[in-house]
Amino acid sequence: MSQVTVTLPDGSSRAVPAGTSIADVAAGISPRLAKAALAASVDDRLVDLSYPLERDARVRIVTAESPEALPLFRHSTAHLLAAAVTTLFPGVQCGIGPATDEGFFYDFVVPRPFVPEDLDAIEKKMKELAAQNLPYERQMWPRAEAEAFFAERGEPLKVQLIEEKTAGQPVVSCYTIKDRETFVDFCTGPHVPSTGKLKAFKLLTTSNAYWKGDAHNQPMQRIYGTAFVSEAELKDHLTRLEEAKKRDHRKLGRELGLFTVHPWAPGAAFWLAKGTTLYNTLANYMRDVLFPAGYVELKTPLVFNKALWETSGHWQHYRQNMFLIESEGEQMSMKPMNCPGHFLVFASEVRSYRDLPIRFHEQTPLHRNEASGVLTGLTRVRQFSQDDAHCFVTQDQIGEEVERLLRLVQRVYNDFGLPFTAKLGTRPATDFLGEKATWDHAEAQLLQALERAGMPYARNEGDGAFYGPKIDFDITDAIGRKWQCATIQLDYQMPERFDLKYVGADNTEHRPVVIHRAILGSFERFIAILIEHYAGAFPLWLAPVQATVLPIADRHLDYAGAVREQLAAAGLRAELDGRQEKIGYKIRQAQLQKVPYMLVVGDREVEERQVAVRSRSGGDLGSRPLDAFIAQAHDEIARKAQ
RNA sequence: GCCGGCGUAGCUCAGUUGGCAGAGCAGCUGAUUCGUAAUCAGCAGGUCCUCGGUUCAAGUCCGAGCGCCGGCUCCA
């Protein structure tokens, strides 16, 4: 029998008979590894333990500690789910069941939608199947036999998948759990060796989905679940979901009096007094950041003639998302974005190369007629404002301008204490506009800017917009969720469409490049993220109410009122709780409203002209003169996230 | 827009086989003047989402619409 050479990660190698399985290789290394082995990476391809080694290969055994373990567990659990569903609901058709970032799902064609009781029963069945420690087995079936098998079972979707995925292959890979009767699925694998490995999973929810994600296709019922390598990790994850629910900005937004909504204005927020304060604080913060950075602020019209949208191309491509208005026989539309308005302003006078870069910033409201089903709290709305800006630059200024933008992004997210990562999106493989040389030039400048700003980044090949490359930023909130907010996009197309030009040093007309950019994204969405990030306990500089004065008894009201006035005069947002309630009650209310500082005033404070400071997070901090508190507060506000 | 679930007081939620609309918190009034997370008592508060239907009788059953929630899709 011929031998093959297996090279292990530590560089050592060993010879085994051809056809030896990974499981046997692991067993040959150590009994402990044999027990821990789940799958293997063979020449960087992930395979089952049963995989027979037919030629020399680099082999790395995948255990629960390997990075590949999590998706392996999740996908295997998806199969376990499908096995449970096919057992409990004979006749269902299975779709696909991939691992996702958060868990897994599996799509089924069923006569009726799943209800929560079904999920309980399915999960119970999964646990049973896991307890029986049934083997996953890979079987290579002749393609025609596999197609005939699934066709006969009434699974045309599987037949379709086999036809699409395995064209020209003589055999196809199918997996069973225990045997064909228990469960069989067309799948490339790999899986854990047996169901007993799966100990930490939970079904979460059901939803509608469509075959291949296309609403024209067969409707299916999707079951979502999550799975982890260990039960502790699962528990952590479920705790995190609970935490996310507690932080939900829709709940906190109401409890903290930030915003409300009404059925007569779906997808639009009513900003209440405190929410408006927060909104304006953010808006003015961006102004404070952008003015010194060379931006000017504009206010352009909210409603435009359709001629503008025909010029920009939105009429052709975006009309179904625009709110249309008719006036005196003219077709108008609410603006869904500021860009075209800024182009008109740019074109409204002769521009010199000496004027560039020109940076227009605008915060006026935008309207997008989003489908009713996608509206969610503040994260997806129909009316919103952006910290939007367009920088008009020469070809040669791209790199420097982008570098400035990167530093701006860095500075802003630091002020919020939000970690972030950058992603460079390069030229799409097809359907891009413009010359390759132009793209190469632009991408090179973006890269240089990233290097010079010392900003780590990932490269997303082909992820650029069709009109130019871009850099997107993901922020990570306090409970580990990622949100895309900032974006920097180069645009060579709109300057053409709007015939934008500047006069160069050579006294001829040139085409500027436009950089579209936003840092917060939309104020609405960013506020939602901040609410959830801080769990409603905003840092002092953002808190709608920064301090509340709490008199102990009515005889302290005059002094308390004077304290509040001095706080207000010092530019602090302060309230006075003059109700006839006990101090414990007022403190409780202020804590629930997450007010950063409570200033208690009673006989002692009136006597000594002081305030007793209580912080939201640190409790009673003791008494001090009001001036001392004001100075500390100003310092804390200036430090922002510290 | 599509699939499913939900819609009862300002908020959170009960409401049985169809038979007079309920609680806690919040609010109002009164008492209490109190030292670091809820003082006591009383009162008031309803188009049971809307429209239509079944029924002697509808919060409850049926239909349509609207909104919200979870997804799909899309997206900042």
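Lettering of chains follows the sequences in order, A, B, ..., and the numbering in each one begins at 1.
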Now, which nucleotide makes the Watson-Crick or G-U wobble pair with [N], with each of the two distances under 3.5 Å?
N     : answer
B/C28 : B/G42
B/A57 : none
B/G67 : B/C6
B/C13 : B/G22
B/U33 : none

Could you give the [atom1]-to-[atom2] distance, from [X] to [N], as a whole number of Å?
X      : N     : atom1 : atom2 : value
A/Q593 : B/A37 : CD    : P     : 17 Å
A/Q489 : B/C75 : CD    : P     : 12 Å
A/I527 : B/A76 : CD1   : P     : 19 Å
A/Y318 : B/C74 : OH    : P     : 13 Å
A/M598 : B/A37 : CE    : C1'   : 9 Å
A/Q383 : B/A76 : CD    : P     : 18 Å
A/H262 : B/C66 : NE2   : P     : 16 Å
A/R517 : B/A76 : CZ    : C1'   : 13 Å

Using a cut-off of under 3.5 Å, enumerate the N/O to N/O pairs linking the protein to nucleotides 33-36 of chain B.
residue: B/U33; atom: O2; partner: A/D554; partner atom: N; Å: 3.0
residue: B/U33; atom: N3; partner: A/D554; partner atom: OD1; Å: 3.4
residue: B/U33; atom: N3; partner: A/D554; partner atom: OD2; Å: 2.9
residue: B/U33; atom: O4; partner: A/D554; partner atom: OD2; Å: 2.8
residue: B/U33; atom: O4; partner: A/Q580; partner atom: OE1; Å: 2.6
residue: B/U33; atom: O4; partner: A/Q580; partner atom: NE2; Å: 2.8
residue: B/C34; atom: OP2; partner: A/R555; partner atom: NH1; Å: 3.3
residue: B/C34; atom: OP2; partner: A/R555; partner atom: NH2; Å: 3.1
residue: B/G35; atom: O6; partner: A/D603; partner atom: N; Å: 2.7
residue: B/G35; atom: O6; partner: A/R604; partner atom: N; Å: 3.0
residue: B/G35; atom: N1; partner: A/E605; partner atom: OE1; Å: 2.7
residue: B/G35; atom: N2; partner: A/E605; partner atom: OE1; Å: 3.2
residue: B/G35; atom: N2; partner: A/E605; partner atom: OE2; Å: 2.8
residue: B/U36; atom: O2'; partner: A/R614; partner atom: NH1; Å: 3.0
residue: B/U36; atom: O2; partner: A/R614; partner atom: NH1; Å: 3.4

Distance, [atom1] atom - from [M] to [N], rounded to whole angstrom:
N     : M     : atom1 : answer
B/G65 : B/C3  : P     : 11 Å
B/U29 : B/C66 : P     : 42 Å
B/U60 : B/G27 : C1'   : 30 Å
B/A41 : B/U17 : P     : 35 Å
B/G46 : B/U33 : P     : 35 Å
B/G59 : B/C49 : C1'   : 12 Å
B/A64 : B/A23 : P     : 35 Å
B/A44 : B/G24 : P     : 14 Å

| said: Applying side-chain hydrogen bond (donor to acceptor under 3.5 Å, both in side chains) as the test, list every pair that has at least one member in residues 248-275 of chain A; sequence neighbours left out. | reply: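 The answer is A/D248-A/R250, A/H249-A/E532, A/K274-A/Q593.
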Considering only side-chain heavy atoms of [X], which listed nucleotide, [options], is closest?
X      : options             : result
A/V374 : B/U73, B/A76, B/C69 : B/U73
A/P263 : B/G67, B/A37, B/U12 : B/G67
A/Q221 : B/C69, B/C3, B/A26  : B/C3

| said: For A/Q632 and A/R624, which I'm curious about, is there any donor-acceptor pair between the side chains at under 3.5 Å? | reply: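 There is such a pair (donor and acceptor under 3.5 Å, judged by atom type) between the side chains of A/Q632 and A/R624.
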| Can you tell which of A/H361, A/Q489, A/H516 makes a side-chain hydrogen bond (donor to acceptor under 3.5 Å, both in side chains) with A/H390? |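 Between A/H390 and the candidates, side-chain hydrogen bond (donor to acceptor under 3.5 Å, both in side chains) is satisfied uniquely by A/H516.
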| query | Going by heavy atoms in the side chains, are A/V601 and A/P551 under 4.5 Å from each other? | reply |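 When only atoms from C-beta onward are counted, A/P551 and A/V601 do touch, with a gap below 4.5 Å.
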Looking at every strand, decide which applies to [X] at a 4.0 Å heavy-atom threshold: base, sugar-phosphate, or nothing.
X      : value
A/R368 : base
A/G377 : sugar-phosphate
A/V261 : nothing
A/L375 : sugar-phosphate
A/R579 : sugar-phosphate
A/S522 : base

| query | Is A/R380 reaching over with its side chain to a backbone N or O of A/G377, donor-acceptor style, under 3.5 angstrom? | reply |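 Here the side-chain-to-backbone pair does not exist.
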| query | By a strict heavy-atom criterion of less than 4.0 Å, which residues belonging to residues 469-487 of chain A are in contact with RNA chain B? | reply |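 Per residue number, the list reads A/Q484, A/C485.
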Is [X] salt-bridged to [Y], going by a charged N under 4.0 Å from an acidic O?
X      : Y      : result
A/R247 : A/E243 : yes
A/R517 : A/E401 : no
A/R240 : A/E102 : yes

Tell me whether the OP1 or OP2 atom of [N] has a side-chain N or O from [X] closer than 4.0 Å.
X      : N     : value
A/R250 : B/C69 : yes
A/R254 : B/A26 : no
A/Y585 : B/C40 : no

| field | Nearest-nucleotide comparison on RNA chain B, the residue closer to the 5′ end among A/R380 and A/T376 | value |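 Between the two, 5'-proximity favours A/T376.
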| query | Taking for each residue the nucleotide of RNA chain B bearing the nearest heavy atom, is the 5' side occupied by A/A265 or by A/E370? | reply |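 Final value for this comparison: A/A265.
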| request: Determine, answering yes or no, if A/F384 is stacked on B/A76 under the 5.5 Å centre rule and the 30° plane rule. | output: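 Here the ring of A/F384 and the base of B/A76 are stacked, with centres under 5.5 Å and planes under 30°.
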| Does NZ or CZ of A/R74 lie under 6.0 Å from the centre of the six-membered ring of A/F228, at an angle within 45° of the ring axis? |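 Yes - A/R74 lies over the ring of A/F228, closer than 6.0 Å to its centre and within 45° of its axis.
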| task | Have a look at A/F473 and tell me which of A/K423, A/Q484, A/M455 forms a side chain to side chain contact (heavy atoms under 4.5 Å, CB included) with it. | result |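 So, applying the side chain to side chain contact (heavy atoms under 4.5 Å, CB included) to A/F473 and each of A/K423, A/Q484, A/M455, only A/M455 qualifies.
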| Quick one: which of A/M337, A/M334, A/M322 gives a side chain to side chain contact (heavy atoms under 4.5 Å, CB included) with A/R368? |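 Going through A/M337, A/M334, A/M322 one by one, the side chain to side chain contact (heavy atoms under 4.5 Å, CB included) with A/R368 is satisfied by A/M337 alone.
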| message | Check for me whether the distance between the ring centres of A/Y106 and A/F104 falls short of 6.0 Å. | response |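 Ring centroids of A/Y106 and A/F104 are no less than 6.0 Å from each other.
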| Is the centre of the A/Y279 ring less than 6.0 Å from the centre of the A/F259 ring? |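 Centroid separation for A/Y279 and A/F259: 6.0 Å or greater.
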